Undergrad: 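Handing you this structure, nothing more for now.
Computed from a predicted structure; not experimentally measured.
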Amino acid sequence: MGVNQPHVIQAVDPRGIVDALTICTLPTHGTSRNGLPGGGSEARFGPEGSGFANRFFSVTIFNDTIYQTTASGACTPFVTFPNGSPWTLAFTADGSRMLVNVRAGGQGGAGGPNARSQILAVAPDGTIDPNPVYVHPDAFMFDIAVAPQDFGAYAGQIFFTHRGPSDSRGPYAR
């Protein structure tokens with residue numbers, strides 16, 4: 001039942017010589033699932049030298065929120081999505097925007113006619129750009145990443161994983 005409890009942010013020495021240290025327990029926030037900060041799915045540090053620098057960002061799908069943690073141990077909500085659950089996050093090559101895969105209408109199953117995944121851009125102050133970067137017609141986009149500058153013709157492009165077509169997608173298969 002751990003997924004149904006508030007998640008914690010922990011740090012561990014990579015040498016493995018001590019137990020993990022709990023930095024904070026994520027606070028309840030928002031209205032989705034009574035604000036429970038559970039279902040953690042992704043976490044990344046903001047790029048150095050960017051407006052996201054010196055913060056650790058963690059995604060909780062239960063309350064549709066991305067939290068920010070600072071080196072002082074403060075854990076606060078950074079952004080909450082009103083129309084879906086954030087699933088994964090990445091940063092643009094120049095660090096100016098956080099890119100977030102937001103899934104709606106199909107978290108645990110085949111989805112419905114309104115199921116979708118979309119990549120939304122978020123500014124360093126938590127403002128969500130109202131124009132999606134990309135919209136996929138189902139809710140099965142998983143991880144996203146931005147290709148590094150030395151990745152040939154794909155440099156700077158957004159890559160994502162997807163479940164792909166199958167006969168098991170139910171009545172809403174496309």
Side-chain angles (χ1 to χ4, degrees), residues 1-11 20 22-47 50-92 96-145 158 160-163 169-172:
M1 291 292 162
V3 75
N4 291 314
Q5 297 184 16
H7 279 45
V8 297
I9 302 299
Q10 295 183 302
T22 297
I23 307 299
C24 68
T25 299
L26 298 177
T28 300
H29 178 75
T31 58
S32 181
R33 294 199 186 184
N34 295 317
L36 178 70
S41 65
E42 174 91 74
R44 295 181 195 244
F45 282 95
S50 76
F52 297 97
N54 301 315
R55 293 184 280 172
F56 177 72
F57 296 93
S58 53
V59 175
T60 59
I61 62 175
F62 277 18
N63 64 352
D64 305 332
T65 299
I66 295 177
Y67 287 85
Q68 60 187 350
T69 301
T70 63
S72 68
C75 290
T76 58
F78 172 65
V79 62
T80 299
F81 294 85
N83 298 312
S85 294
W87 202 259
T88 60
L89 64 93
F91 294 94
T92 57
S96 66
R97 300 185 302 167
M98 175 188 285
L99 301 173
V100 182
N101 169 16
V102 177
R103 296 168 74 181
Q107 300 296 46
N114 296 320
R116 71 185 181 293
S117 295
Q118 55 186 339
I119 298 173
L120 300 177
V122 180
D125 67 357
T127 302
I128 303 169
D129 186 329
N131 301 310
V133 173
Y134 175 77
V135 177
H136 197 284
D138 68 32
F140 297 107
M141 183 187 301
F142 292 96
D143 206 3
I144 60 174
I158 303 167
F160 65 90
T161 59
H162 185 268
R163 183 179 75 182
R169 291 178 62 192
Y172 302 105

Undergrad: Do you know which two heavy atoms are closest between V135 and R116, and how far apart they sit?
TA: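 Minimum heavy-atom separation between V135 and R116: CG1-CD, 4.3 Å.
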Undergrad: Indicate yes or no for a side-chain donor-acceptor contact from Y67 to the backbone of P27 under 3.5 Å, with no hydrogens or angles considered.
TA: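 Confirmed, Y67 side chain pairs with P27 backbone.
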Undergrad: To the nearest 0.5 Å, how far apart are OG1 in T69 and CZ in F45?
TA: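 Those atoms lie 8.5 Å apart.
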Undergrad: With heavy-atom distances below 4.5 Å as the criterion, would you say the side chains of T76 and Q68 are in contact?
TA: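 Yes, at least one pair of side-chain atoms sits under 4.5 Å.
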Undergrad: Look up atom CG in N131 and atom CD in Q118, then write down how far apart they are to the nearest 0.5 Å.
TA: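 So the CG of N131 and the CD of Q118 are separated by 10.5 Å.
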Undergrad: For F81, is the NZ or CZ atom of R103 found under 6.0 angstrom from the centre of its six-membered ring and inside 45 degrees of the ring axis?
TA: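 No; the conditions do not both hold, so R103 does not lie above the ring face of F81.
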Undergrad: With heavy-atom distances below 4.5 Å as the criterion, would you say the side chains of P86 and E42 are in contact?
TA: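 Not touching, per the 4.5 Å side-chain cut-off.
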Undergrad: Would you call I23 and F56 a side-chain contact if the rule is heavy atoms closer than 4.5 Å?
TA: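 A side-chain contact is absent here, since even the closest heavy-atom pair is not under 4.5 Å.
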Undergrad: Taking the side chain as every heavy atom from C-beta outward, state whether N83 and V102 have any pair of such atoms under 4.5 Å apart.
TA: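 No, their side chains stay 4.5 Å or more apart.
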Undergrad: Quick one: CG on D64 to OG on S32, what's the gap to the nearest 0.5 Å?
TA: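 Output value for this atom pair is 4.0 Å.
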Undergrad: Hey, what do you get for CZ (R97) to CG (L120), rounding to the nearest 0.5 Å?
TA: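 Atom-to-atom, R97:CZ and L120:CG are 10.5 Å apart.
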Undergrad: For residues N63 and G35, report the shortest heavy-atom separation together with the two atoms involved.
TA: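 So the two residues come closest at ND2-O, 3.2 Å.
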Undergrad: Stepwise, does the side-chain contact (heavy atoms from CB on, under 4.5 Å) test hold for T28 with N34?
TA: CA-CA 8 Å; T28 300; N34 295 317; over 6 Å; no
Undergrad: So, the side chain of T60 versus the backbone of F62: is there a donor-acceptor pair under 3.5 Å, distance only?
TA: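 Not confirmed, T60 side chain does not pair with F62 backbone.
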Undergrad: Given side chains that start at C-beta, do those of T88 and F142 come closer than 4.5 Å, heavy atoms only?
TA: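 Not touching, per the 4.5 Å side-chain cut-off.
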Undergrad: Please round to the nearest 0.5 Å and tell me the distance separating atom CZ of F91 and atom OG of S96.
TA: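 That separation rounds to 11.0 Å.
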Undergrad: Which value, rounded to the nearest 0.5 Å, describes the distance between I119 atom CD1 and I158 atom CD1?
TA: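 Reported to 0.5 Å precision, the distance equals 4.5 Å.
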Undergrad: What pair of heavy atoms forms the shortest contact from F57 to L89, and how long is it?
TA: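 Here F57 and L89 meet closest at CB-CD2, 4.2 Å.
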Undergrad: For the backbone of A43 and the side chain of S58, can you confirm whether one donor and one acceptor N or O come within less than 3.5 Å of each other?
TA: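 Side chain of S58 to backbone of A43: no pair is present.
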Undergrad: What pair of heavy atoms forms the shortest contact from L26 to P37, and how long is it?
TA: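 So the two residues come closest at O-CG, 3.3 Å.
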Undergrad: What's the shortest heavy-atom distance between S117 and M141, and which atoms?
TA: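 Reported closest heavy-atom pair: OG-N, 3.2 Å.
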Undergrad: In the structure I gave you, are the side-chain heavy atoms of F140 and H162 within less than 4.5 Å of one another anywhere?
TA: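 They are in side-chain contact.
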Undergrad: Could you tell me whether the side chain of T80 reaches within less than 4.5 Å of the side chain of T65, counting heavy atoms only?
TA: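 Yes, side chains in contact.
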Undergrad: Tell me, do P6 and L36 make a side-chain contact under 4.5 Å, heavy atoms counted?
TA: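 Yes; the side chains approach each other to less than 4.5 Å.
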Undergrad: Atom CG of residue position D129 - does it have more than 12 heavy atoms of other residues, nucleotides or ligands inside 6.0 Å?
TA: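 Yes, because the 6.0 Å sphere around CG of D129 holds more than 12 heavy atoms from other groups.
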Undergrad: Can you confirm whether more than 12 heavy atoms, excluding those of D125, are under 6.0 Å from its CG atom?
TA: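 Enclosed.
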Undergrad: What is the minimum heavy-atom distance between G39 and H7, and which atoms define it?
TA: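 Closest pair (atom of G39, atom of H7, distance): N-CE1, 3.1 Å.
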